[in-house]
Amino acid sequence: MITNFRRGLMAAALAFAVLAPASPAQADEVTLIDGITALPVAEEIRDGYKRELYPHWKDDEKNGCTARNDVLIAEAIEAPTVGAGCSLTGGVWHSYYDDVLVQGPSGIDIDHMVPLAGL
């Protein structure tokens, strides 16, 4: 567990190191696309991974909406309509990854910055 935690911290540190300028004197803006393109790619290591440790879309706020819908509501450029059971319709979101506007909640993913392994 600690080894996996250290690996995760190392991966995050490497990801941020690519995006961080060397010093304030050398600070240049880096676009998200350039930063993502510059990230190192490595072979996946699943040692110690247990999918059940990462529950999917819980209602942590106990407001009837899953974490996914809470994020969609909070990040909307044009708010969606919230119906019974926190069903969402309409709404507009900005996709930071490809710089497009997305219509409707089914057209946008709310995911982990480091994806969980598939089942």
Side-chain angles (χ1 to χ4, degrees):
M1 177 82 168
I2 292 174
T3 300
N4 290 332
F5 180 71
R6 276 193 235 142
R7 284 183 187 154
L9 285 177
M10 292 287 289
L14 285 172
F16 287 114
V18 171
L19 298 175
S23 71
Q26 298 173 338
D28 290 327
E29 287 190 24
V30 175
T31 67
L32 181 61
I33 298 296
D34 290 341
I36 291 170
T37 303
L39 289 173
V41 177
E43 188 174 325
E44 180 179 16
I45 300 170
R46 288 194 182 190
D47 295 341
Y49 175 80
K50 293 182 179 144
R51 178 64 182 94
E52 64 274 8
L53 295 176
Y54 306 95
H56 199 67
W57 301 125
K58 294 173 25 178
D59 180 8
D60 288 329
E61 295 179 1
K62 308 289 188 246
N63 62 1
C65 294
T66 62
R68 178 184 192 277
N69 283 359
D70 284 334
V71 170
L72 285 170
I73 292 166
E75 296 290 324
I77 294 171
E78 292 179 23
T81 301
V82 182
C86 198
S87 63
L88 304 181
T89 55
V92 176
W93 292 265
H94 175 247
S95 172
Y96 300 101
Y97 297 100
D98 49 10
D99 197 28
V100 298
L101 293 179
V102 178
Q103 306 280 330
S106 64
I108 194 161
D109 288 325
I110 306 298
D111 278 315
H112 306 270
M113 292 304 292
V114 177
L116 300 175
L119 298 173

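From D34, atom CG reaches atom CG of L39 across 11.0 Å, with rounding to the nearest 0.5 Å. Here the CG-SG distance, from L88 to C65, works out to 6.5 Å after rounding to the nearest 0.5 Å. The OH atom of Y49 lies 9.0 Å from the CD atom of E44; values are rounded to the nearest 0.5 Å. Between atom CD1 of residue I108 and atom CZ of residue R68 there is a gap of 8.5 Å, rounded to the nearest 0.5 Å.
For I33 against Y97, the heavy-atom pair with the smallest separation is CD1-O, 2.6 Å. Scanning both residues, C86 and N69, for their nearest heavy atoms gives O-ND2, 2.8 Å. Annotation for E75 and Y96: closest pair OE1-OH, 3.7 Å, computed over non-hydrogen atoms. Minimum heavy-atom separation, A79 to A76: CA-CB, 3.9 Å. Among all heavy-atom pairs drawn from P105 and G90, the shortest one is CD-O, 3.2 Å. Nearest approach of D99 to H94, heavy atoms of both residues: OD1-NE2, 2.7 Å.
Grouping the Ile, Leu, Val, Met, Phe, Trp and Tyr side chains by contacts below 4.5 angstrom, directly or via other members, places V100 with V71. The cluster map of Ile, Leu, Val, Met, Phe, Trp and Tyr, joined by side-chain heavy atoms under 4.5 Å apart, puts V92 and V102 in different clusters.
The number of heavy-atom neighbours closer than 6.0 Å to CD of E52, taken from other residues, nucleotides and ligands shown, is above 12.
Side chain of D59 to main chain of N63: a donor-acceptor pair is present (N/O by atom type, distance under 3.5 Å, no hydrogens or angles).
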